[in-house]
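Below is one structure; the comments refer to it alone.
Hydrogens, waters and symmetry mates play no part in the numbers below; they use all other heavy atoms, side chains included. Just so we're on the same page: letters track the sequence lines, and every chain starts at 1.
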Amino acid sequence: MQKNLVIVESPAKAKTIGKFLGDDYEVLSSYGHIRDLKKKEFSIDVKNDFAPKYEIPAEKKELVSKLKTEAGKASTVWLASDEDREGEAISWHLYEVLKLKPENTKRIVFHEITKTAILNAIQHPRKIDTNLVDAQQARRILDRIVGFELSPILWRKVKPALSAGRVQSVAVRLVVDKEREIQAFKSESSYRVLATFIVPGENGKLVELKAELARRPKTKAEAEAFLESCKGATFTIADKVVKPVKRSPAPPFTTSTLQQEAARKLGFTVNRTMMVAQNLYESGLITYMRTDSVDLSSLALATCKRVIGEQMGEQYSHSRQFTTKTLGAQEAHEAIRPTNIGDASVSGSAQEKRLYDLIWKRTIASQMADAELEKTTVTIMSSHGDKFTVTGEVITFDGFIRVYRESYDDDNTQEEESGLLPPLEKNQILSHQNITATERFTQHPPRYTEASLVRKLEELGIGRPSTYAPIISTIQQRGYVDKDNKEGEKREATVLKLEKGEITGKVNTEMVGAEKSKLIPTDIGLVVNDFLNQYFPDILDYHFTAHVEKEFDEVAEGQKKWTEILKKFYGTFHPSVEATLAIKTEHKVGERILGNEPATGKVVSVKIGRFGPMIQVGSANDEEKPRFAQMPKGISMEAITMEEALEMFKLPRTLGEYEDKPVSVNIGRFGPYVRHGSLYASMPKEKDPMTITFDESVELILAKREAEAKRHIKSFDEDPDLAILNGRFGPYISYKGSNYKIPKGTVPEELDLAGCQKIIAEQGEKKKASPRRKATAKSAKKS
DNA sequence: CAGTGAGCGAGCTTCCGCTTGACTT
């Protein structure tokens, strides 16, 4: 049987290619890598030239055996994974694992999914590029060395289950450095002076013209003096310049720019964007969504030209091929674009429609003519020699703006621009209505959003399109970074106004610097970052990835051996790991001593404990056991004061005795509670554990006692494991640690043993909550 | 979401890049 087997990376791609190639070809997918370093072990034999130990992960076993059988039946096997370092390695692993033979194995590549591109690829097969494979192995092994040697140091020195790596640790560093930059930022104020003139407009009607003073007075006194000087001044138009300006469209989407624009325009998280894009891709509506290329296929260019011509006219069309400038880009795919550019909209969920619309517009706009504008700059001079300017912009040809305009992160810094200016002549004398001087403050740099952090990582060549979203998740999951809102600060700004020869002043209060959904480092993030930065500055260097990438490139080009690179790296890295582990310090990493507790003289300190940041009174060496408390919310380890720390030890408070047992209040994992013997009652939100009274606490205890009593509806002597209970969400059946819903219409009191067993059988044996699910439930509660 | 309220004593955790499922809640 004469048959060809083609193996690609993605099943959606396999489907499309299958249609192009016809019946002689069977097209299967490898679903990415089929083999990797062992999951749990270090898996690198350092002494033996860094020999890697690969394994086929359990979830890939079935797939691999299927590929093996099909390969055995085929006369020729075509390895068609992506044309980049990872793709080459995938082909090589396939070759090795499937035990393919050189005589009937061919390696082909294409970077657009069009019939011509694929048929052309079939015509030009090559061999597996072992240099490229070696470059991938060097990358993989270096990442494993860094991750698996650094992480255990953190477990020992900071907290278990933490992690470090070439990519994530630098991502955290970016967020930490930004935060420190903001802390160090000192806001300065100056006065923005605006003069409002009254001039005749187009149709003779009087209109306002606002012009800004070119310089900015630094102080209130200076601003006042300036307004004073304007009292008798005259104002004349000294100059008027009109010049044409062109704006060009942005290139089509890559993964990173799609994530940024979807965040700005649609409010999507990077994860959301990728999930929705994946759906569009699997439905065949867009090209591959993990790409670093801005390239469009010639077919796409031609379609854009036709669509733009038909819908808007020839003058709107302007074919462009953009070039990718991103550091380390591998360009194995096209840019992200609609597969059928003629379809301006698609069916699907609301989110899919919106994301598709964004992709369609961006693609079309990238092939449209420049926008043409006319920019007018008018200079106004006062008789005292002070210069004012006013600018106006008029669109003379909208071009690509008709379809799409890119958004920017810091909208507040953009000056408001006026559109069309009234007719103005040089030497025209203007009369002013008023002049205001408004105090303005410089703003600290904005914190990163998920998407702007991705942009920064991409700029530094760190991470790949397939990993941007996971990186953002990882640094949040590890508790290094929180996504949170930051409240603005209250500011008092002075406003001075000269009107009708009088200067008046007032003070406005304004909120400035508020930020939404920004990445903020946690205490753990700060401590881990400072620690790694101190002992492993090379790895934490923003340019570490760029440096090693350069070496990987040399391997790919056959100029260097991959083992040499690793030997050199390990030779300096591993000793610093050993040295760091050997360091014995008096204090824990990140520990801060606040002082001594006034009452006892014991040392009060803050540090990262087994369960996160905590406050400790006394030390382990003291006779008495130390006391512990959780860090209060919203206060950082770096900023907490002695008073704030001691406040946390005022709990548990014992309020008195009730029925011979003490009544106390405390804050637990699930918030404040009242305790009475073995009974715990959660405190409602409006109650404060510091101020709740004894009587209020007893009320809560009695209420809880009643709920407990009602909780038990029924139990059965035949099976003590089974009980019908009343929970927060109504009655349910509890059986051997699992809970089962009682179907609607069933009265719980009337259920008998057989009825219960039937329900349990119907809902099936439930697994106990996995640790992973527990962890997410916990973090959900925290936020 | 069906309860709970600790404090590093044992075992485990961890990297980065390819790619999609099959599970509930």
* **Nucleotide of dT19(B), dA6(B), dT20(B) approaching Phe611(A) most closely (side-chain heavy atoms)** => dA6(B)

* Structure fact -> Rounded to whole Å, the CD-P distance (Gln136(A) to dT19(B)) equals 13 Å

* Asked: Is Glu88(A) salt-bridged to Arg85(A), cutoff N-O under 4.0 Å?
  -> no

* To do: Kindly point out which of dT20(B), dC18(B), dT14(B) is positioned nearest to the side chain of Tyr31(A)?
  => dT20(B)

* Could you check how far CZ of Arg478(A) sits from P of dC16(B), rounded to whole Å? => 9 Å

* For Leu28(A) and dT20(B), give me the distance from atom CG to atom C1', rounded to whole Å. => 15 Å

* Out of dT14(B), dC18(B), dC16(B), whichever nucleotide has its closest atom nearest the side chain of His33(A) -> dC18(B)

* **Closest nucleotide among dG17(B), dT19(B), dT13(B) to the Tyr288(A) side chain** => dT19(B)

* Structure fact -> Between CG of Leu162(A) and C1' of dC15(B) the distance, given in whole Å, is 14 Å

* **Nearest to side-chain heavy atoms of Asp143(A), which nucleotide of dG5(B), dC16(B), dG17(B)** => dC16(B)

* Asked: What integer number of Å spans the C1' atoms of dT24(B) and dC1(B)?
  -> 13 Å

* Measure up the His543(A) and His547(A) rings against each other and bin them: parallel (under 30°), tilted (30 to 60°), perpendicular (over 60°). => tilted

* **Interatomic distance at P, dT25(B) relative to dG3(B), whole Å** => 14 Å

* To do: Inspect the contact between Lys53(A) and Asp45(A) and indicate whether a charged nitrogen and a carboxylate oxygen are less than 4.0 angstrom apart.
  => no

* Given dT13(B), dG11(B), dC18(B), which nucleotide is nearest the side-chain atoms of Ser466(A)? -> dC18(B)

* Pick base, sugar-phosphate or nothing for Tyr281(A), based on heavy-atom distances below 4.0 Å to the nucleic acid. => sugar-phosphate

* Candidates dT14(B), dT20(B), dC8(B) - which lies nearest the side chain of Phe148(A) -> dT14(B)

* Ser163(A) vs dT13(B): side-chain N/O to OP1/OP2 distance below 4.0 Å -> no

* Return the nearest nucleotide to the side chain of Gln168(A); candidates are dC16(B), dC18(B), dG21(B). => dC16(B)

* Rounded distance in Å between the P positions of dC15(B) and dG11(B) -> 23 Å

* Asked: Hey, does the side-chain of Arg610(A) have a donor or acceptor N/O within less than 3.5 Å of a partner on the base of dC8(B)?
  -> no

* Asked: Run the side chain to side chain contact (heavy atoms under 4.5 Å, CB included) check on Asp134(A) and Phe552(A) step by step: do they pass?
  -> CA-CA 8 Å; Asp134(A) 286 348; Phe552(A) 298 151; over 6 Å; no

* Distance, P atom - from dC18(B) to dA22(B), rounded to whole angstrom -> 24 Å

* Identify, between Gly612(A) and Leu150(A), the residue whose nearest nucleotide on DNA chain B lies closer to the 5' end. => Gly612(A)

* To do: Could you tell me whether Arg139(A) contacts a base, only the sugar-phosphate backbone, or nothing, with contacts defined as non-hydrogen atoms closer than 4.0 Å?
  => base

* Asked: So what does Gly463(A) touch, heavy atoms closer than 4.0 Å: a base, only the sugar-phosphate, or nothing?
  -> sugar-phosphate

* **Separation of atom CD in Glu41(A) from atom C1' in dT14(B), rounded to whole Å** => 14 Å

* For the side chain of Ser151(A), counting heavy atoms from C-beta on, which of dT19(B), dT14(B), dT13(B) is nearest? -> dT14(B)

* Asked: With centres under 5.5 Å and planes under 30°, do Trp155(A) and dT14(B) count as stacked?
  -> no

* Asked: Between Met274(A) (CE) and dT19(B) (C1'), how many Å, whole number?
  -> 12 Å

* To do: Identify, between Ala681(A) and Pro160(A), the residue whose nearest nucleotide on DNA chain B lies closer to the 5' end.
  => Ala681(A)

* Touch check for Lys159(A), heavy atoms < 4.0 angstrom, all strands: base, sugar-phosphate only, or nothing? -> nothing

* Structure fact -> Taken to the nearest whole Å, CZ/Arg140(A) to C1'/dG17(B) is 8 Å

* Asked: Which nucleotide sits closest to the side chain of Arg464(A): dC18(B), dT20(B), dG11(B)?
  -> dC18(B)

* **Gap in Å between the two C1' atoms, one belonging to dC12(B) and one to dC8(B), rounded** => 13 Å

* Over-ring placement of Arg139(A) relative to Trp562(A), 6.0 Å and 45° cut-offs -> no

* Asked: Salt-bridged, Lys39(A) to Glu55(A), with N to O below 4.0 Å?
  -> no

* **Spatial distance of atom CZ (Arg290(A)) from atom CE (Met274(A)) [nearest 0.5 Å]** => 5.5 Å

